[in-house]
Each structure stands twice: as C-alpha cells, then as structure tokens.
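In what follows, a single structure is set out as structure tokens and then discussed.
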Amino acid sequence: MSVFTKLNSVIDEKGAAYVVLIDPDRKNEDSLESCVESANISGVDALFVGGSLMMDGKCNDRVKRIKDVSNVPVIFFPGGVGQLNSYYDAMLFMSVISGRNPHYLIGEQAIAAPMVKDIGIETIPTGYMLMDGGAGSTVEFMSGTRPIPMNRSDIAVAHALAGQYLGMKLIYLEAGSGAKEPVATTVVEAVTDALDISVIVGGGIRNPKIALEKVKAGASIIVTGTVIEENSNLMSELADAVHWRA
Ligand code: 1GP
C-alpha cells in the first residue's frame with residue numbers, strides 16, 4: 001500500500017492525520033532518536049523530514065537515523081534537492097504555488113526529477129502555499145517568495161484551486177515554522193470548502209486546541225514541528241485531538 005493511500009485511510013477512519021515535522025539540521029542532532037521513539041508510541045501517523053536551511057553536511061545521515069528507528073512512514077518534506085536520498089518512504093513532490101519564483105515553481109523539481117526516478121521513491125504531488133504567519137519565516141527568505149496575507153482568503157482560495165486543477169493531490173497551507181499565528185481558521189475553511197483534495201495545515205500550531213480547531217475547519221493533516229522540539233510529551237495529546245473521530 002502506498003504511503004499516500006495509508007494517509008488517506010487514516011484521514012477516513014480518524015477524521016484527520018497527525019504528522020510531526022523533524023528538521024534534520026544539526027540543532028536536533030541529540031534528540032533525533034528520542035523524538036522518533038516518542039512518535040512511535042504516541043499515535044503519530046507519519047514523520048515529515050526536511051527543512052529550509054541545513055547548517056552542516058550530515059542531513060542524509062540523520063535521515064537514515066530517523067528511518068532506522070521509525071515505525072511510521074518517513075516522508076521527505078523538501079527544503080531543496082540536496083536533502084533527497086533513498087532512506088525516505090515517500091516524498092511530497094512540492095511546488096511553491098503561492099510564489100512567483102520560477103526556481104521553486106519548477107526549477108528545483110526538474111533538477112530532482114531524474115534522481116527521484118532513479119531512487120524510485122513514491123511522490124505525492126503537493127501545492128505548497130506560504131501564508132504570512134507574522135514571523136518572517138526561513139522559507140520566505142530561502143524561497144524568495146512573498147507570503148499570502150492572512151486576511152486574504154480569496155487569494156488563498158484562487159491559488160489552492162489552481163493547484164488542484166494542475167493535478168496536485170494535496171495542498172499545504174503553511175504559516176512558516178515558528179509562526180506567531182497559525183493559518184487563520186477562516187482561511188482553512190475557505191480553502192477546504194472550495195477544494196476536492198485534502199489540505200495540510202502547519203506552522204505555529206502549539207497546542208491540541210488549535211490543532212482541533214484547524215481540523216474542524218476542514219484540515220485533513222496537521223503538522224507540528226517547533227512545539228515538539230520543545231516538548232515531545234505533547235505528541236500524544238496532539239494526536240488524540242487531531243484524531244477526533246477515533
Ligand atoms: C513547518 O508547518 C511546519 O513547515 C511546522 O511548523 O515548526 O511552527 O510547528 P512549526
């Protein structure tokens with residue numbers, strides 16, 4: 001069964017899926033295994049692994065360490081083609097569709113595609129939309145794209161629909177890691193009402209109440225990163241909140 005099919009069955013059965021983002025950067029060097037072990041026993045449905053900025057050359061080693069311990073699918077959440085390797089179970093094949101930077105719309109993808117084919121990794125076409133979470137995110141700087149203003153549901157809906165009609169299987173509504181404000185509930189509602197495909201919401205989600213609010217607004221997958229780096233004990237509560245139907 002493909003990773004995408006597995007995620008969809010979780011969404012069907014439990015109402016939504018809960019994903020923990022692990023940044024394979026040196027800042028998490030000492031906590032990788034313990035974080036994955038917690039995820040294994042906390043109801044986490046998958047791990048996203050990736051980040052916008054790597055400050056050393058050990059990313060691939062860390063992905064292998066994550067994969068060695070994980071009991072759940074390890075999904076590449078690409079910050080760039082340099083983080084691609086054969087340890088992942090699948091990858092979000094993403095395009096930054098909220099932006100106007102051709103390199104992140106199709107350039108990086110064309111560099112990656114032959115390697116993706118060679119490795120044979122499962123690809124999940126994903127339209128990535130950066131919303132303004134108020135913290136001036138790393139991804140905003142590294143992708144050279146302007147985030148969509150959070151009060152512009154209309155702009156968000158237009159981009160998400162364009163992603164759907166281009167054939168994306170998922171839309172990722174991203175407020176940016178460490179966002180001051182998560183993606184507004186009004187935006188989640190407007191986008192999920194307009195779309196037939198599932199929506200991932202991440203960035204600035206810091207507690208189960210906010211996670212559940214986004215799910216009730218229509219999100220199918222909730223991602224948390226920063227809050228778990230700070231306190232991995234929160235995983236169970238977040239998973240329970242997201243799995244509202246279970
Ligand atoms: C970033 O959406 C993820 O891509 C997670 O964000 O670190 O703020 O949880 P946080």
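Counting starts at 1 for both ligands and their atoms, in listed order. Throughout, numbering of the chain's residues begins at 1 and tracks the sequence. Just so you know, these numbers use all the heavy atoms, side chains as well, and skip hydrogens, waters and symmetry mates.
Close approach to T224 involves these atoms of ligand 1, each under 4.0 Å from a residue heavy atom: 9 (O). Close approach to L21 involves these atoms of ligand 1, each under 4.0 Å from a residue heavy atom: 1 (C), 3 (C), 4 (O), 5 (C). Ligand-side atoms of ligand 1 in range of G178: 7 (O), 8 (O), 10 (P), range being under 4.0 angstrom from any heavy atom. For ligand 1, the atoms lying closer than 4.0 Å to a non-hydrogen atom of F77 are 4 (O). When each atom of ligand 1 is checked for a heavy atom of G202 under 4.0 Å away, the hits are 2 (O).
Enclosure of atom CD in E122 by more than 12 non-hydrogen atoms of other residues, nucleotides or ligands within 6.0 angstrom is indicated.
Note on R206 versus E230: salt bridge recorded, some NZ/NE/NH1/NH2 to OD/OE distance being below 4.0 Å.
There is no side-chain donor-acceptor pair under 3.5 Å between D23 and N28. In this model, a donor atom of one side chain and an acceptor atom of the other lie less than 3.5 Å apart for T185 and K214. Looking only at atom types and distance, the side chain of S143 has no donor-acceptor partner in the side chain of Y128 under 3.5 Å away. Side-chain atoms of S2 and T5 form a donor-acceptor pair, as typed in the model, at a separation below 3.5 Å.
Among protein heavy atoms, atom 10 (P) of ligand 1 sits closest to T226 OG1, 3.5 Å. Among all protein heavy atoms, the one lying closest to atom 9 (O) of ligand 1 is G225 N, 2.8 Å. The nearest protein atom to atom 3 (C) of ligand 1, hydrogens excluded, is given as Y172 OH, 3.5 Å; this is a heavy-atom distance.
Aromatic ring centroids of F77 and Y172 lie under 6.0 Å apart.
Ligand 1 has no atom lying under 4.0 Å from any heavy atom of V227. Heavy atoms of F48 come nearer than 4.0 angstrom to ligand 1 in no pair at all.
In terms of polar-atom proximity, S177 is counted as a contact of ligand 1, with an N or O under 3.5 Å from an N or O of the ligand.
For the residues E174, R206, K180, the heavy atom positioned nearest atom 4 (O) of ligand 1 is part of E174.
Between the side chain of R26 and the backbone N or O of D56, no donor-acceptor pair lies under 3.5 Å.
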